[in-house]
Amino acid sequence: MAPGRVAPALLLAGLLAACGKKEEAKQAGPPPATPVAVYKVQAEDVVSADTYPATVVPLNEVQLLAEVTGYLTDIYVQDGQKVTKGQRLYAIDRTRYAAAADQARAQLQVARTNYVRVAKDAERYRRLAEQDAIALQQVDISKADVANAQSQIAAAQAALRSVELDVRHSVITAPLTGTIGIAQVKLGGLVTQGQTLINTVSAEDPIAVDVNIGEQDIARFAKLQQAKGVRKDSIFTLQVPGGQTYKLPGKIVTIDRAVDPQTGTLKVRVQFPNPRRLLKAGMNTTLRVLNQDTGEQLVIPARAVTEQMGEFYVYVVGDSSKVSQRKVLTGTKVKDKTVVRQGLKAGETIVSDGIQNLHEGSKIQVGDPTKPASAQGAAPAGTGK
């Protein structure tokens, strides 16, 4: 064959091959529909909350430190007992403090007696000076003696107040109404002023929990603090150890003044009633705070959502049982479902199972996604739940 005729021959062969492939495709038909499960989007009543690790803390707590040195001679309460403000709790040996007080009273009396004497002398010298019967220098000395005697009285009074204070401090009373803990010193034990911790008293009703929130939550918690009234399904609830929910609602009482520069968090204190003393200081709990997804919300199965580069998508069933991919804004997860804030409307149908086999424009068939389409027949796709 001549070289000039080779190219047309090859072109003709290519066209015949392409026509053959098209014919085979026509005989094979369109690709089979993908078996999927679908879900009809609808609104549900959602109670959604954010959780924060929390620690129970007393709103008021005082450590009972020994204010004088001595031996613990009396214990008037039992460990763990409820006490009232001013109630006697412990006594420290006051023998030497009582003796010091007696001595201080005697010294005060001496100072007062001395004052009376020098005051009379001063008055006598003043009269003699009026008659020019005594040197003026002696009058000045007598005035100085009177002033000195007055100072000695003041010093003696201060010394007496100091030792009387020690006598009072030898009896330790409750600084507030609350519950006393377990004593750290036994009867007869030696305690040292300002160093020995005898016990701790804390108020238990109401009580509070402390949580640390991120900077992004500060504005939200500030708004919650200013909100008036408490909702029936309380904004703040506690989950105590054991998984139980504490039934009484709480409220914000304090938001700390500054963010911790090391952790980037801010401390928030939430107060709770504690009439049965179920919440104990130091207890680790979880604070639940209702968020914006609470109430009537659109929800879909969490497995229906796919993530692509930080954005979330679902497959929406359209006409002719074909699907289209749609971007959605998701919210809180509630069990096996996810709140959808934007992107879907109630009544629309989405693919809930089998999404891994789909792409834009895929044709679907409602069935068991775990079985091939050929095994499920050619039934038309539905859009029901």
Original post:
Any donor and acceptor pair, going by atom type alone, linking the side chain of D205 with main-chain N or O of N274 inside 3.5 Å?
Top reply: yes

**OP:** Could you grab the distance from atom CD1 of I255 to atom CD of Q226, nearest 0.5 Å is fine?
**Re:** 8.0 Å

Original post:
Between L108 and V167, is there a shared hydrophobic cluster once you connect ILVMFWY residues whose side-chain heavy atoms come closer than 4.5 Å?
Top reply: no

**OP:** Evaluate the side-chain contact (heavy atoms from CB on, under 4.5 Å) criterion for residues V299 and V340: first the C-alpha distance (whole Å), next the side-chain angles of each, then the deciding distance (0.1 Å), finally the verdict.
**Re:** CA-CA 6 Å; V299 295; V340 177; over 6 Å; no

Subject >> Donor-acceptor pair, side chain of R277 and main chain of P275, under 3.5 angstrom >> reply: yes

Original post:
Does the side-chain contact (heavy atoms from CB on, under 4.5 Å) test come out yes or no for Y315 and V317, once each step is laid out?
Top reply: CA-CA 7 Å; Y315 284 101; V317 180; over 6 Å; no

Subject >> Side-chain donor/acceptor of S162 to backbone N/O of A158, under 3.5 Å >> reply: no

Subject >> Short side-chain donor-acceptor distance under 3.5 Å, N199 and Q184 >> reply: no

**OP:** With salt bridge (Lys or Arg N to Asp or Glu O under 4.0 Å) as the test, would you mind laying out the steps for K280 and E204 before giving the verdict?
**Re:** CA-CA 8 Å; K280 299 293 184 181; E204 289 190 301; 3.4 Å; yes

Subject >> Distance-only donor-acceptor check, side chains Q193 and T69, under 3.5 Å >> reply: no

**OP:** Start with the C-alpha distance between Q87 and Q81, add both sets of side-chain angles, then the distance that settles side-chain contact (heavy atoms from CB on, under 4.5 Å), and finish with yes or no.
**Re:** CA-CA 12 Å; Q87 180 179 343; Q81 177 181 327; 3.6 Å; yes

**OP:** Return yes when atom OH of Y71 has more than 12 non-hydrogen atoms of other residues, nucleotides or ligands closer than 6.0 Å, and no otherwise.
**Re:** no

Original post:
Looking at S202 and P58, what are the two nearest heavy atoms and their distance?
Top reply: CB-CB, 3.9 Å

**OP:** Answer yes or no: is there a side-chain heavy-atom contact under 4.5 Å between L238 and T245?
**Re:** no

**OP:** State, yes or no, whether a side-chain contact exists between T265 and I213 at a heavy-atom distance under 4.5 Å.
**Re:** no

Original post:
Do Y39 and D353 get their side chains close enough for a donor-acceptor pair, meaning under 3.5 Å?
Top reply: no

Original post:
Same hydrophobic cluster for V185 and V77, using side-chain heavy-atom links shorter than 4.5 Å among ILVMFWY?
Top reply: yes

Original post:
Between K40 and E348, does at least one N-O distance fall below 4.0 Å, as a salt bridge requires?
Top reply: no

**OP:** Please answer: with hydrophobic residues joined when any side-chain heavy atoms are less than 4.5 Å apart, are I198 and V171 in the same cluster?
**Re:** no

**OP:** Decide salt bridge (Lys or Arg N to Asp or Glu O under 4.0 Å) for E123 and K120; before the verdict, give the C-alpha distance in whole Å, the side-chain angles of both, and the deciding distance to 0.1 Å.
**Re:** CA-CA 5 Å; E123 178 63 20; K120 288 181 178 180; over 6 Å; no

**OP:** Indicate if L59 and L176 have the same hydrophobic cluster label, given that clusters are the connected sets of ILVMFWY residues with side-chain heavy-atom separations under 4.5 angstrom.
**Re:** no

**OP:** Enter the distance from T173:OG1 to Y90:OH here, rounded to the nearest 0.5 Å.
**Re:** 12.5 Å

Original post:
Are any non-hydrogen side-chain atoms of Q157 and R112 less than 4.5 angstrom apart?
Top reply: yes

Original post:
Is it true that atom CD of Q308 has more than 12 heavy atoms of other residues, nucleotides or ligands lying nearer than 6.0 Å?
Top reply: yes

Subject >> Nearest heavy-atom neighbours spanning A302 and T338 >> reply: CB-OG1, 3.4 Å

Subject >> Non-hydrogen side-chain atoms of V211 and K267 separated by less than 4.5 Å >> reply: no

**OP:** For side-chain contact (heavy atoms from CB on, under 4.5 Å), just list the numbers for V305 and I300, CA-CA rounded to whole Å, side-chain angles, deciding distance to a tenth of an Å, and then say yes or no.
**Re:** CA-CA 9 Å; V305 182; I300 62 174; 3.7 Å; yes

Original post:
When the ring centroid of F236 is compared with that of Y246, is the distance short of 6.0 Å?
Top reply: no

**OP:** Give a yes or no on whether L160 and Y97 share a hydrophobic cluster (residues Ile, Leu, Val, Met, Phe, Trp, Tyr; joining criterion: side-chain heavy atoms under 4.5 Å apart).
**Re:** no

**OP:** Measure across V209 and A54 and return the closest heavy-atom pair with its distance rounded to 0.1 Å.
**Re:** CB-CB, 4.0 Å

Subject >> Atom of S352, atom of A304 and distance for their closest heavy-atom approach >> reply: CA-CB, 3.9 Å

**OP:** Give a yes or no on whether the backbone of Q239 and the side-chain of T285 come within a donor-acceptor separation of less than 3.5 Å.
**Re:** no

Original post:
Could you state the interatomic distance from CG (L266) to CG (D260), rounded to the nearest 0.5 Å?
Top reply: 9.5 Å

Original post:
Roughly how far, to the nearest 0.5 Å, is CG of L278 from CD of Q244?
Top reply: 9.5 Å

Original post:
Can you tell me if Y313 and E311 form a side-chain donor-acceptor pair at under 3.5 Å?
Top reply: yes

**OP:** Output the distance between atom CG (L89) and atom CD1 (I180), rounded to the nearest 0.5 Å.
**Re:** 4.5 Å

Original post:
Within a strict 4.5 Å, meaning less than it, do heavy atoms of the E215 and V259 side chains meet?
Top reply: yes

**OP:** Locate the shortest heavy-atom distance separating R269 from A208; write the atom from each residue and the value.
**Re:** CG-CB, 3.6 Å

Subject >> Beyond-backbone contact of N212 with T263, side-chain heavy atoms, under 4.5 angstrom >> reply: no

Original post:
Just wondering, do N284 and P241 contact through their side chains at under 4.5 Å, heavy atoms?
Top reply: no

Subject >> Closest heavy-atom pair and its distance - V68, V191 >> reply: O-CG2, 3.9 Å

Subject >> Salt-bridge present (E164, R105; N to O < 4.0 Å) >> reply: yes

Original post:
Okay, side chain of E360, backbone of Q325: is any donor-acceptor separation there less than 3.5 Å?
Top reply: yes

Subject >> Any K186 side-chain heavy atom under 4.5 Å of L72 side chain >> reply: no

Subject >> From N60 atom CG to T177 atom OG1, the distance as rounded to the nearest 0.5 Å >> reply: 10.0 Å

